[in-house]
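To keep things clear, I will list the structure first and then write my remarks on it.
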Amino acid sequence: MPRPARKNHINGVKAAAFALIFAAVAPGLARVASAQRPFQIYDSFYRDEKASRQYYDRFALTGEVAYNPARATPGEGLASIRPDAFGYSVRFEYQLAEHFDLGVVMDAFGNEAGRSLGVSWVQFKYYRTVDQGDYALRLALDPASDGQGGFPQLDAAFIYSSLLSPEVSTRFTLGGRRVSVGYERLVPLDGPENPTQVSPLLPGYGIIPARAIGWEIHAVMAYIAHFDPGGSHIYFSLLGEAGSYELIDEVVPDAAVDGDDDEAGTSDFRAGVIWLRSGLEYSRPRFVITPFIGLPLRQWEPEDGDWARHRLQIGVRIMIR
């Protein structure tokens, strides 16, 4: 099928759609806990990234909302005092050149003082098509400044897709991430640690500011069954994520003053998760709607501590292009 002609001006339908998505998403933006991480984040990458451009005009806008009823019992691994099972993200993509795109990913961040909308990633993506295969190289940078040299977070991924038949294709993604994020660690007030402040929402718990520094690796294998000429399809994928972090409390505990190095506010955290994800993508020239579902097949985390664990995740993604 021939592609629709490109338009360089901003289409009125797109502008209206942007306003609708933003109005629906922005008031409730929040991050949800990922099972293999000691901090909370709604990850916008690796879920359904494509190896070919999915829009025909100069830009596209995608909004996503997901519901993930993670265990809400506060523990060492819950990095927020506002347990929220909903996660949201908004992605804006713009075509800079024939094979090169610029993207901005927005989501919410916050603490006990409240939440606000912010830019979490700036991404650059390079596309190519060779014979029957498409591949893409994607680099994402965290634009936040934390007083250290370089970018606090960086994520790089390779995405490749190929046709097995006219109706079936496969997609493979491999990526790595440098992690450096601050978060709030919840501890019992009657425990051995001395929190910097009392949680205003969870009686009996205090807050210790902390930082996680480390690396993650992500791998995705997907099978896609196409069922109409417009590109609509059903997909099934296995997503594996593993991370290794050094957790550092930003306040010195009493044990460090006493000379106990084992309790000096620094610890290691290694964990992982394997997801089974599936979705139905309904594709038309001006929009794409993708309801999806995710099921964690296996999760690993340290035995000590009450770390949050994922349950079934359901959501929907809407792209206006």
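Sequence positions, counted from 1, serve as the residue numbers for this chain.
- Shown here for Y127 and A51, the closest heavy-atom pair between the two residues is CD2-O, 3.6 Å.
- Without hydrogens or angle criteria, S283 side chain to G230 main chain gives a donor-acceptor distance under 3.5 Å.
- No more than 12 heavy atoms of other residues, nucleotides or ligands shown are found within 6.0 angstrom of OH on Y223.
- Counting only distance, with no hydrogens or angles, the side chain of Q132 and the backbone of V130 share no donor-acceptor pair below 3.5 Å.
- F124 and F100 have parallel rings, their planes meeting at less than 30° on a 0 to 90° scale where 60° marks the start of perpendicular.
- In this model, a donor atom of one side chain and an acceptor atom of the other lie less than 3.5 Å apart for Y46 and D155.
- Looking at heavy atoms from C-beta onward, R286 lies in side-chain contact with D57 at the 4.5 angstrom threshold.
- Note: the hydrophobic cluster containing I314 also contains L276 (ILVMFWY, side chain heavy atoms under 4.5 Å, direct or indirect links).
- Here the side chains of H218 and T173 are not in contact, with every heavy-atom distance at 4.5 Å or above.
- A212 approaches L247 most closely through the heavy-atom pair CB-CD2, 3.8 Å.
- F158 approaches L137 most closely through the heavy-atom pair CD1-CD2, 3.5 Å.
- No side-chain heavy atom of I224 sits less than 4.5 Å from a side-chain heavy atom of E281.
- Between the side chain of R91 and the main chain of S44, a donor-acceptor pair closer than 3.5 Å is present.
- For D228, the CG atom counts as densely surrounded, since its 6.0 Å shell holds more than 12 non-hydrogen atoms of other residues, nucleotides or ligands.
- A salt bridge links E241 to R47: at least one charged side-chain nitrogen sits closer than 4.0 Å to a carboxylate oxygen.
- Under a hydrophobic clustering in which Ile, Leu, Val, Met, Phe, Trp and Tyr are joined whenever their side-chain heavy atoms come within less than 4.5 Å, directly or via other members, L139 and F172 fall into different clusters.
- Follow the hydrophobic side-chain contacts under 4.5 Å out from F59 and you reach V90 in the same cluster.
- When all heavy atoms are compared, the tightest approach of D142 to W121 is N-CE3, 3.6 Å.
- Heavy atoms only, all atoms of each residue included: M319 and Q54 are closest at SD-O, 3.9 Å.
- At least one donor-acceptor pair closer than 3.5 Å links the side chain of H233 to the backbone N or O of G231.
- Listed for the R58 side chain is a donor-acceptor partner under 3.5 Å among the backbone atoms of Q95.
- A side-chain donor-acceptor contact under 3.5 Å links H226 and S169.
- D134 has no carboxylate O lying under 4.0 Å from a charged side-chain N of R171, or vice versa, which leaves the two without a salt bridge.
- Although no hydrogens or angles enter the test, the distance criterion places no donor-acceptor pair under 3.5 Å between the side chain of R284 and the main chain of S232.
- At a threshold of 4.5 Å between non-hydrogen side-chain atoms, the residues E64 and S89 count as touching.
- Side chains of R53 and E93 form no contact here, defined as non-hydrogen atoms less than 4.5 Å apart.
- The structure places CD1 of I293 at 8.0 Å from OG of S278, a figure rounded to the nearest 0.5 Å.
- Side chain of R178 to main chain of P152: a donor-acceptor pair is present (N/O by atom type, distance under 3.5 Å, no hydrogens or angles).
- With respect to Y245, the side-chain hydrogen bond (donor to acceptor under 3.5 Å, both in side chains) criterion is satisfied by exactly one of E216, R211, R270: E216.
- Hydrophobic clustering of Ile, Leu, Val, Met, Phe, Trp and Tyr side chains at less than 4.5 Å, counting indirect connections, keeps Y235 apart from M221.
- Heavy atoms only, all atoms of each residue included: V65 and F292 are closest at O-CZ, 4.1 Å.
- When hydrophobic clusters are built by joining Ile, Leu, Val, Met, Phe, Trp and Tyr residues whose side-chain heavy atoms come closer than 4.5 Å, directly or via intermediates, L238 is not grouped with V168.
- For the pair D101 and R138, the salt-bridge criterion is not met [side-chain N within less than 4.0 Å of a carboxylate O].
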